[in-house]
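Structure, as structure tokens:
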Amino acid sequence: MSAKGNIYDEFEWRGLLYDATPGLKDLLAKESVTAYIGFDPTAASLHVGSLLPIMGLARLQRFGHTPIALVGGGTGLIGDPSGKTAERQLLNKEKVEENIAGIKAQLSHFLDFEREGNPARIENNHDWLGQLQLIDFLRDTGKHFTVNYMLSKESVKRRIESEDGISYTEFTYMMLQAYDFLELNRRGDCSLQMGGSDQWGNILAGTDLIRRVNGNKAHGLVFPLVTNASGTKFGKSEAGNVWLDPELTSPYKFYQFWMNTDDRDVIHYLKSFTWLSREEIDGLEAEVNERPGAREAQRTLARHITTALHGESELAKSEMASKVLFGGSMENLGVKDLRDIFEDVPSIMLAKEALEGEGMGMLDVCSQAEITSSNGEARRLIRQGGLFLNGERIEDENARMTIDQAIEGELFVLRKGKKSYHLVQIGG
RNA sequence: GGACGGGUACCGAAGCGGUCAACCGGGCUGGACUGUAAAUCCAGUGUCUUUCGACUUCGGAGGUUCGAAUCCUCCCCCGUCCA
């Protein structure tokens, strides 16, 4: 169907094909398909974990198919039990609305809503789920689900076996997701739902429902869960979740997150999250094997994703900051540059008077700047050689910080360990 | 409602009258090595002072005792089994 070949093969070589319904490959080869992925508005921003499905939609679009991003304004009020071991906290409607707005903005970085022939769309399932009448729903949709079928689904089974059980609310989630698929199939001829592999059960519930209600053949395709060689959960940094929203995760931190990718994961991530061709990725793979220390693959990965999400200029800033923070000294940098580089580093103001004359004890500075949470901790830190003022190690726990040590008389750069920076600025 | 079992620091888990600020493991924080890595090694991990020491902690409240995380009473919570 497309000059570039079949998207199915594309997913396959990129390692993004975990499972798919039979016949999907032929369908994708023959015609332009409309496909959707659901996004949960449980937070005001998506995080890097959502990048895989988002890219899935984007790839699909480049291959001539039509992507729909479905925001779960309705289902978000219910909560999906898949992959969860405990009952979810319900969100209120206002919060969900707010989250949807944020998510839409982020999706637009990746999907083309203007594209000739197959523009992307965003739908909110609250538009139809909100209208649903209980009795109608039970008669028209509920009839097609046996409890036996629902109980047999992995996500439900696991929760039933768990001690806390599963509420009726979450139990119903599967039916609603199936209904979404049916609705999209009816109104827009959407015939494919994609998602993470944890969605397989829900997706099949949808294809089954569509077949029963209107006899159409619908398809599902799921991506593998993104794994992490170190065994930690993908998408977490030491600072917590890595979000797509620059207010929550600065472009610099976002860039660093990818930069820190384990050698064992980086090729897989390049396949999953970038547009790079097979040849380019093969080249980088060779690079990783030959000169792992250069981390060319990580740099390429970080560049591509950061640019896609935050743009060229943010990438440039992130790279400059990285260079200073990890590369060399800050010697030649003025206050202006430093302020820029340390833009999203915690910062405090201290009164000029406090730093004149004797100055302030480093232990105090540490608590004021919230570098440490007790004097004892600050003491240990210094003793072990983990505290730096303007790049110089503090040797003595009784050292004092005075105004003449300030860079251009305006600010101090404190560093704890290798990576944790704090700024102290002098206030009036 | 009844019968047991249990609640100890971020988590898991010892301790069951003094020598307990509380073994050990994980996590976390520094340091060394390094590739802004992994692995490894070292150190640290209640608060205040840091040498000694003082103070606050072992579900909660009381009590016994010279002395309690450890014994007693009541209460709260969790798990398992029986109703």
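Quick caveat, the model's predicted, so the values are computed rather than measured.
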Check: Of the nucleotides B/G35, B/A32, B/U47, which has the atom closest to the A/Pro292 side chain?
Finding: B/G35

Next item on the list: Identify which nucleotide among B/U36, B/U51, B/G44 has an atom closest to any side-chain atom of A/Gln384, counting heavy atoms from C-beta outward.
Entry: B/G44

Margin query: Quick check for you: among B/U34, B/U36, B/G30, whose closest atom lies nearest to any side-chain atom of A/Lys418?
Written below: B/U34

Notebook entry, point to check: Within the structure, does a side-chain N or O atom of A/Asn375 lie under 4.0 Å from either OP1 or OP2 of B/U47?
Noted result: no

Notebook entry, point to check: Could you give the CD-to-P distance, from A/Gln298 to B/A38, as a whole number of Å?
Noted result: 12 Å

Next item on the list: Would you check if A/Ile7 and A/Glu10 make a side-chain contact, meaning some heavy-atom pair closer than 4.5 Å?
Entry: yes

Check: A/Gly386 near the nucleic acid: base, sugar-phosphate alone, or nothing, with a heavy-atom cut-off under 4.0 Å?
Finding: sugar-phosphate

Next item on the list: Tell me what A/Gly385 touches on the nucleic acid: a base, only sugar-phosphate, or nothing, going by heavy atoms under 4.0 Å.
Entry: sugar-phosphate

Margin query: Work out how far the C1' atom of B/C23 is from that of B/U45, and round it to whole angstrom.
Written below: 16 Å

Checklist line | P-based separation of B/G30 from B/U19 [nearest Å] | finding: 34 Å

Checklist line | Position toward the 5' end of RNA chain B (nearest nucleotide), A/Ala294 or A/Arg393 | finding: A/Arg393

Checklist line | Of the listed nucleotides B/U51, B/A38, B/U29, the one nearest the side chain of A/Arg383 | finding: B/U51

Next item on the list: May I ask you to verify if any side-chain N or O of A/Arg379 is less than 4.0 angstrom from the OP1 or OP2 atom of B/U49?
Entry: yes

Note to self: Can you measure A/Arg380 atom CZ to B/U50 atom C1' for me and round it to whole angstrom units?
What the structure shows: 12 Å

Margin query: Using a 4.0 Å heavy-atom cut-off, does A/Glu377 contact any base of the nucleic acid, only the sugar-phosphate backbone, or nothing at all?
Written below: nothing

Check: Within less than 4.0 Å of OP1 or OP2 of B/C48, is there a side-chain N or O belonging to A/Ser374?
Finding: yes

Next item on the list: Kindly say if A/Lys419 contacts the phosphate of B/A37, meaning a side-chain N or O under 4.0 Å from OP1 or OP2.
Entry: yes

Note to self: For B/G5, give the paired nucleotide (Watson-Crick: N1-N3 plus N6-O4 or O6-N4; G-U: N1-O2 and O6-N3; both under 3.5 Å), or none.
What the structure shows: B/C78

Item checked: Any A/Arg295 side-chain nitrogen or oxygen under 4.0 Å from OP1 or OP2 of B/U36 -> yes

Notebook entry, point to check: Taking CE from A/Met259 and P from B/A37, how many angstroms apart are they, rounded to a whole number?
Noted result: 11 Å

Notebook entry, point to check: Among B/A32, B/G35, B/U36, which nucleotide sits nearest the side chain of A/Asp263?
Noted result: B/G35

